[in-house]
K.L.:
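Just passing along the structure, written as structure tokens.
Below, all heavy atoms of this structure are taken into account, side chains as well, without hydrogens, waters or symmetry copies.
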Amino acid sequence: MRPLLGALARTAVHEAPGAVPTVLPTYLKAGPRRLLTCARSAQADAPEDVLPSVTCPVTDVAGEKDALCPPEWIHHLASRAAIGRALLVPGVHAFPHPHPAVTVEVLAQARAEAP
């Protein structure tokens, strides 16, 4: 859990201040017990094991300063998919909040490339 908290701290210092009012109410409503349960569940997930069996194109996206999902992890996940690509975008973990146009562009491009 300690490495996760370190990554969270390294990510949080780069987050856009505008993302805080968006995510903070959800975190407060969930409370520490649920957040800890969610974090432990996420740590137990192994998407790299499932991705080789995914038959549709996969786009793994992360903020370029995201310590929770660092670039090497995104590239690793994309390499595990049959048709995968890694995409780094401006920002950090909550990049969709301060960069909605980038999010729309990523989704539109993935949709356009879908079979």
Side-chain angles (χ1 to χ4, degrees):
M1 185 60 67
R2 189 168 284 174
L4 178 63
L5 292 174
L8 180 61
R10 288 190 309 279
T11 296
V13 299
H14 295 289
E15 287 290 5
V20 174
T22 305
V23 298
L24 187 60
T26 305
Y27 291 170
L28 292 174
K29 183 176 179 183
R33 182 176 288 162
R34 281 189 187 163
L35 291 174
L36 183 58
T37 299
C38 182
R40 286 187 176 146
S41 174
Q43 287 181 308
D45 283 348
E48 67 276 18
D49 294 339
V50 176
L51 282 168
S53 64
V54 175
T55 57
C56 65
V58 174
T59 302
D60 294 297
V61 185
E64 59 194 3
K65 294 182 180 177
D66 189 345
L68 292 168
C69 295
E72 58 273 8
W73 175 243
I74 296 303
H75 288 288
H76 174 69
L77 289 177
S79 74
R80 298 286 294 159
I83 307 168
R85 73 180 177 134
L87 185 61
L88 295 176
V89 298
V92 201
H93 197 70
F95 72 85
H97 297 288
H99 303 288
V102 172
T103 306
V104 169
E105 183 180 328
V106 167
L107 293 172
Q109 185 176 10
R111 174 73 170 110
E113 294 172 359

K.L.:
Just verifying a value: how many Å separate Arg34 CZ and Lys29 NZ, rounded to the nearest 0.5 Å?
P.N.:
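Spacing of CZ (Arg34) from NZ (Lys29) equals 8.0 Å.
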
K.L.:
Which pairs pass ring pair (Phe, Tyr, Trp, His ring centres under 6.0 Å) with one or both residues in residues 72-93, sequence neighbours excluded?
P.N.:
Trp73-His76

K.L.:
Whether the side chain of Asp60 engages the backbone of Ala86 through a donor-acceptor N/O pair (distance < 3.5 Å, no angle test) should be reported.
P.N.:
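Here the side-chain-to-backbone pair does not exist.
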
K.L.:
Please report the interatomic distance CG(Leu107) to OG1(Thr59), rounded to the nearest 0.5 Å.
P.N.:
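Atom-to-atom, Leu107:CG and Thr59:OG1 are 9.0 Å apart.
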
K.L.:
For Leu88 versus Gly63, what's the shortest heavy-atom pair and its separation?
P.N.:
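Taking every non-hydrogen atom into account, CD2-O, 4.4 Å.
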
K.L.:
Any side-chain to backbone donor/acceptor pair from Asp66 onto Leu68? Under 3.5 Å, distance only.
P.N.:
yes

K.L.:
Quick one: closest heavy-atom pair of Tyr27 and Leu35, and the distance?
P.N.:
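That closest heavy-atom pairing would be O-CD1, 3.7 Å.
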
K.L.:
Quick one: NE2 on His99 to CD on Glu105, what's the gap to the nearest 0.5 Å?
P.N.:
12.5 Å

K.L.:
Around atom CD of Glu64, are there more than 12 heavy atoms of other residues, nucleotides or ligands at under 6.0 Å?
P.N.:
yes

K.L.:
Quick one: does Ser41's side chain have a donor or acceptor within less than 3.5 Å of a partner on Thr37's backbone?
P.N.:
no

K.L.:
Let's go through Val58 and Leu51 carefully: what are the C-alpha distance in whole Å and the side-chain angles of both, what is the deciding distance for side-chain contact (heavy atoms from CB on, under 4.5 Å) to 0.1 Å, and is it a yes or a no?
P.N.:
CA-CA 8 Å; Val58 174; Leu51 282 168; 4.0 Å; yes

K.L.:
Please give me the minimum heavy-atom distance between Thr103 and Pro96, naming the atom from each residue.
P.N.:
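Closest approach of Thr103 to Pro96: OG1-CA, 3.2 Å.
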
K.L.:
How long is the span from the CD atom in Glu113 to the SG atom in Cys56, to the nearest 0.5 Å?
P.N.:
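Between atom CD of Glu113 and atom SG of Cys56 there are 12.5 Å.
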
K.L.:
Is there a donor-acceptor contact under 3.5 Å from the side chain of Arg80 to the main chain of Glu48?
P.N.:
yes

K.L.:
Write down the atom of Leu87, the atom of Ile74, and the distance for their closest heavy-atom approach.
P.N.:
N-CG2, 4.2 Å

